[in-house]
Amino acid sequence: MDPPIPIKIDPDPVEGNHTLGVKIAASAWLMGCISLLGFMGAYMLRTRSRMSSLKITTDPQVISILDDCRKRFGITKPIPIYSGSDRKSPHISGLIHPWIYCPEEICKESNTSALTHVFSHELAHYKRKDIAWNLLGLLALAIHWMNPFVWLCVKLMKADRELACDAYVLNVLGEDESVPYGMTFIQFLQRFSTNRQQLHLLPFTEANKKNQLIRRIQMIRRIQMIKSFKAGSYKLSVAAVLCVALMSSVTLTNAAVKVESTVKPVASDKATTKQEARFLFDSDERSYDRLSKGIQTTGFAFKVPDVLAMDYKFIGMFIDQKKLRTNKETHVQIEFRKPGPFPDVRFSASSGLNGLEAAYKIIVDEQKKRDGEQKIEEQNLKVQGLDVKKVTFLSQHSSQINYVYYLWQENGVQYNISSFDGDPQGDIVKMISNVKYPDQAMKERYVGLYLYVMGLYDTEDVQHGSKAIGFTPKFPLELPGQFKGTSADISSKINFSMPANKEDYKTMYLGIYYDVAEKNKRLSGENRITFDQIKDTKIYEDMKRNGNVAFLLPADDKNIVKVNMLKIAGNEVYKTEKYKRFGESSNAEEPTLISYFWRENDICFKVTFIDEVSNKEEIVSYLMSQKAVDFQNLK
């Protein structure tokens, strides 16, 4: 019997073709997904890079309008405003660190009402987490890009998001504001109707006639919604969005596979902002007593000498914030002190300069401006593989000390250490050898002496500063008569009154400075009101006993000013006679001052006015009525 003939079974041609087709489709899907994700990433990078060409808005009126809007929406996180001329439409950007772009022409030409509507609309996007939802929509589009139904849903989501945003704004501003808000919207349509540069949260636009028609229909829908807005309708729009999201989660995924949501719910603003520092004061120049906080402000990575083991002490950190805001040049200076006859050693790091020669030129120009023409000696050193240039400025006067700078460059950052000719070169070389990127241990150890003036720029700074003065201070940001806080700092008692002894110099006090809101009415280099507070009752007792108060003058001289007792709001207050800050050595242009002192428990308070302030006693009474600051609700 012949063996059975083996049967050769060919693969099913239909099945083979099907497998090949799946592979081709999968490859096409993957390429499309990667392309869209790459396009999204490039768009975000372009948006981020645009900040370098923008400038931060410092107009007090514009900032005040934004602050009022933030209060209405319950937003405590500081949101800066940038302006420019490359885009004509306002928008909000930044998922983690939000910022608002507002064209220069809008900031200059729009009235308070229009700016309120603009900022409210952008803050509504932030409050509704539209940027985050937009990112999720983009990811869904990248994954389901082959499904035309998803493209349609994303397009409709964009339109409905604007409707919901308008409804939210009117829900916050009130139903009576619907007509003015609609008029602002129409005025903006007229402004941008010609050659308008559209900027969408979703970076996909078309320019055909059909799309223009759809856009006009969407605008008409928004105007109709604004016109017919009724209080409470925003809640309905939110419910509608949630229903659409629920339907999309079911219809846009494979029905045969059970998919569980992995997106965590976004916490409410109240839950997330408790740990966030609220921005209080802007400043062109900033000083910090701790490295950790200064690093957060600089915006670029730089190395720092690890020299505490060499008996150097970290004194403080200074940042040139004016150049930082232009995103062109950033200058950081750190002061170190070592026991001995020579003054402090200053370490500097700069970013954005055009090489080491530019840093060298800045140093030469500054020395020339300070001490005139000087002879310069240069020496090239090699330190741990770094090319270091030693520059010595030889003074023309025998009584002056020669300045020495050590300059080098690493990873695009220009560094220098400045000292005096008497400092041993070996110490400076060792300091350069120990320069490194700060780790957590360095950040914790680099906390300065409280003799260093420490600026207070946000609520975290105020809370930190309260530890230096030993009590929770009063911290009102506004005073009667349209006075607003302009800055605050922690300083040595020498700026409060005459210290009793050397140890008393170390007593720290907190000062808050106020001026009128209008920038063009402010004094140059002087604030109209200063509110100081210190944990020291001896000042008040000595004043009460002697009938005068002593202020410190240069060379440890005293400026003794008489005081008189009076009653304000039923409290005992000592008021000085009119005086000049530097006594008889003051020039005629310096303002005439009047100070009021009072005591609450173990705290002495002082308010100093420029003589022209008319409502002095009203302000003193108001400050007496204030309670210690609540850091969570600082207003």
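Just so you know, these numbers come straight off a predicted model, no measurement behind them. In what follows, residues are counted from 1 in the order of the sequence shown.
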ask   = What heavy-atom pair brings Val413 and Ala301 nearest, and what distance separates the two atoms?
value = CG2-O, 3.9 Å
inquiry  = Around atom CD of Glu584, are there more than 12 heavy atoms from other residues, nucleotides or ligands closer than 6.0 Å?
reply    = no
inquiry  = Can you list everything that forms a ring pair (Phe, Tyr, Trp, His ring centres under 6.0 Å) with Phe551? Sequence neighbours excluded, please.
reply    = Tyr579
ask   = By side chain to side chain contact (heavy atoms under 4.5 Å, CB included), which residues pair with Gln409, not counting sequence neighbours?
value = Leu356, Gln414
Aromatic ring proximity Tyr405/Phe393, centre distance under 6.0 Å = yes
task = Evaluate whether atom CD of Gln61 has more than 12 neighbouring non-hydrogen atoms of other residues, nucleotides or ligands under 6.0 angstrom away.
result = no
ask   = Hey, are Asn527 and Thr486 close enough side-chain-wise for a donor-acceptor pair under 3.5 Å?
value = yes
query = salt bridge (charged side-chain N to carboxylate O under 4.0 Å, His left out): which pairs involve residues 348-359, sequence neighbours left out?
reply = Glu357-Lys389
ask   = Salt bridge between Arg290 and Asp461, side-chain N to carboxylate O under 4.0 Å?
value = yes
task = Could you give me the CA-CA distance, side-chain angles and deciding distance for Ser93 and Tyr101, then say whether side-chain contact (heavy atoms from CB on, under 4.5 Å) is met?
result = CA-CA 8 Å; Ser93 295; Tyr101 170 77; over 6 Å; no
remark   = Correct closest heavy-atom pair for Tyr446 and Val307 would be OH-N, 3.2 Å
message = Taking the ring of Tyr509 and the ring of Phe496, is the distance between their centroids below 6.0 Å?
response = yes
request  = Indicate yes or no: at least one non-hydrogen side-chain atom of Pro499 is less than 4.5 angstrom from one of Ile494.
outcome  = yes
ask   = Do Gln482 and Val516 have side-chain heavy atoms sitting under 4.5 Å apart?
value = no
ask   = So, are Lys580 and Asp611 salt-bridged, with charged N and O less than 4.0 Å apart?
value = no
query = What pairs with Asp536 under side-chain hydrogen bond (donor to acceptor under 3.5 Å, both in side chains), at least two apart in sequence or on another chain?
reply = Lys493
query = Rounded to the nearest 0.5 Å, what separation is found between the OG1 atom of Thr507 and the CD1 atom of Ile534?
reply = 5.5 Å
inquiry  = Is there a ring-ring contact (aromatic ring centres under 6.0 Å, His included) between Tyr437 and Phe302? Walk through the geometry before answering.
reply    = CA-CA 6 Å; Tyr437 290 109; Phe302 58 94; 8.5 Å; no
task = Check the side chains of Thr297 and Tyr288 for a donor-acceptor pair under 3.5 angstrom, ignoring hydrogens and angles.
result = yes
query = What's the spacing between Thr392 OG1 and Gln374 CD if we round to 0.5 Å?
reply = 11.0 Å
message = I'd like to know if Lys430 pairs up with Asp427 as an ion pair, taking the criterion as any Lys NZ or Arg NE/NH1/NH2 lying under 4.0 Å from an Asp or Glu carboxylate oxygen.
response = no
task = Could you tell me which residues satisfy side chain to side chain contact (heavy atoms under 4.5 Å, CB included) with Asp365, sequence neighbours excluded, listed by chain and number?
result = Lys361
key: Pairwise distance OG(Ser487) to CZ(Phe281) - rounded to 0.5 angstrom   = 6.5 Å
inquiry  = To the nearest 0.5 Å, what is the distance between OG on Ser418 and CD on Gln333?
reply    = 6.5 Å
ask   = Is a donor on one side and an acceptor on the other found under 3.5 Å between the side chain of Lys382 and the backbone of Asp387?
value = no
inquiry  = Checking Tyr513 now: which residues fulfil ring pair (Phe, Tyr, Trp, His ring centres under 6.0 Å) with it, not counting sequence neighbours?
reply    = none
query = Does Tyr505 reach the side chain of Leu552, with side-chain heavy atoms less than 4.5 Å apart?
reply = yes
key: Lys436 bridged to Asp439 by N-O distance under 4.0 Å   = yes
key: For the student: nearest non-hydrogen atoms of Asn416 and Trp408, plus distance   = CA-CZ3, 4.2 Å
Row check, Phe605 ring normal vs Arg599 NZ/CZ: under 6.0 Å, within 45° = no
query = How about Asp515 and Ile529: do any of their side-chain heavy atoms sit closer than 4.5 Å?
reply = no
message = If I take atom OG from residue Ser348 and atom NE2 from residue His331, how far apart are they, to the nearest 0.5 angstrom?
response = 9.0 Å
Any residue meeting ring pair (Phe, Tyr, Trp, His ring centres under 6.0 Å) with Phe483, in chain and number order, not counting sequence neighbours = none
ask   = Below 4.5 Å, heavy atoms only, C-beta onward: do Lys77 and Pro98 meet side chain to side chain?
value = yes
ask   = Going through the checks in order, is the side chain to side chain donor-acceptor pair (under 3.5 Å) test met by Ser64 and Asp67?
value = CA-CA 5 Å; Ser64 177; Asp67 287 341; 5.9 Å; no
request  = Please lay out, stage by stage, how Ile428 and Ser419 fare under the test side-chain contact (heavy atoms from CB on, under 4.5 Å).
outcome  = CA-CA 8 Å; Ile428 303 301; Ser419 62; 4.1 Å; yes
message = As a test of understanding, state which of Leu593, Val561, Thr608, Asn564 forms a side-chain contact (heavy atoms from CB on, under 4.5 Å) with Thr576.
response = Val561
task = Can you label the angle between the Tyr312 ring and the Phe336 ring as parallel, tilted or perpendicular, going by 30° and 60°?
result = perpendicular
request  = Determine which pairs satisfy ring-ring contact (aromatic ring centres under 6.0 Å, His included) with at least one residue from residues 344-375, sequence neighbours left out, and list them in order.
outcome  = Phe347-Tyr415
ask   = Who passes side chain to side chain contact (heavy atoms under 4.5 Å, CB included) against Gln379, sequence neighbours left out?
value = Leu381, Lys390, Gln425
task = Might you point out which heavy atoms bring Asn548 and Val563 nearest each other, and give the distance in Å?
result = N-CG2, 3.6 Å
request  = Identify, with sequence neighbours excluded, every residue that meets salt bridge (charged side-chain N to carboxylate O under 4.0 Å, His left out) alongside Lys558.
outcome  = none
note = With sequence neighbours left out, the residues meeting side chain to side chain contact (heavy atoms under 4.5 Å, CB included) with Phe582 are Leu553, Pro554, Ser585, Ser586, Glu590
key: Over all atoms of both residues, closest heavy-atom pair of Ser292 and Lys443   = CB-CB, 4.1 Å
ask   = Sequence neighbours excluded, which residues qualify as salt bridge (charged side-chain N to carboxylate O under 4.0 Å, His left out) partners of Asp489?
value = none
ask   = So Arg286 and Asp282, side-chain contact (heavy atoms from CB on, under 4.5 Å) or not? Walk me through it.
value = CA-CA 9 Å; Arg286 298 192 177 194; Asp282 194 7; 3.9 Å; yes
key: Atom of Tyr457, atom of Ser287 and distance for their closest heavy-atom approach   = OH-N, 2.9 Å
Interatomic spacing from NZ in Lys467 to CD1 in Ile469 - rounded to 0.5 Å = 12.5 Å
Worked check of salt bridge (charged side-chain N to carboxylate O under 4.0 Å, His left out) between Glu335 and Arg346 = CA-CA 5 Å; Glu335 294 190 11; Arg346 293 179 173 86; 3.6 Å; yes
query = Does Glu460 come within less than 4.0 Å of Arg278, counting only side-chain N to carboxylate O?
reply = no
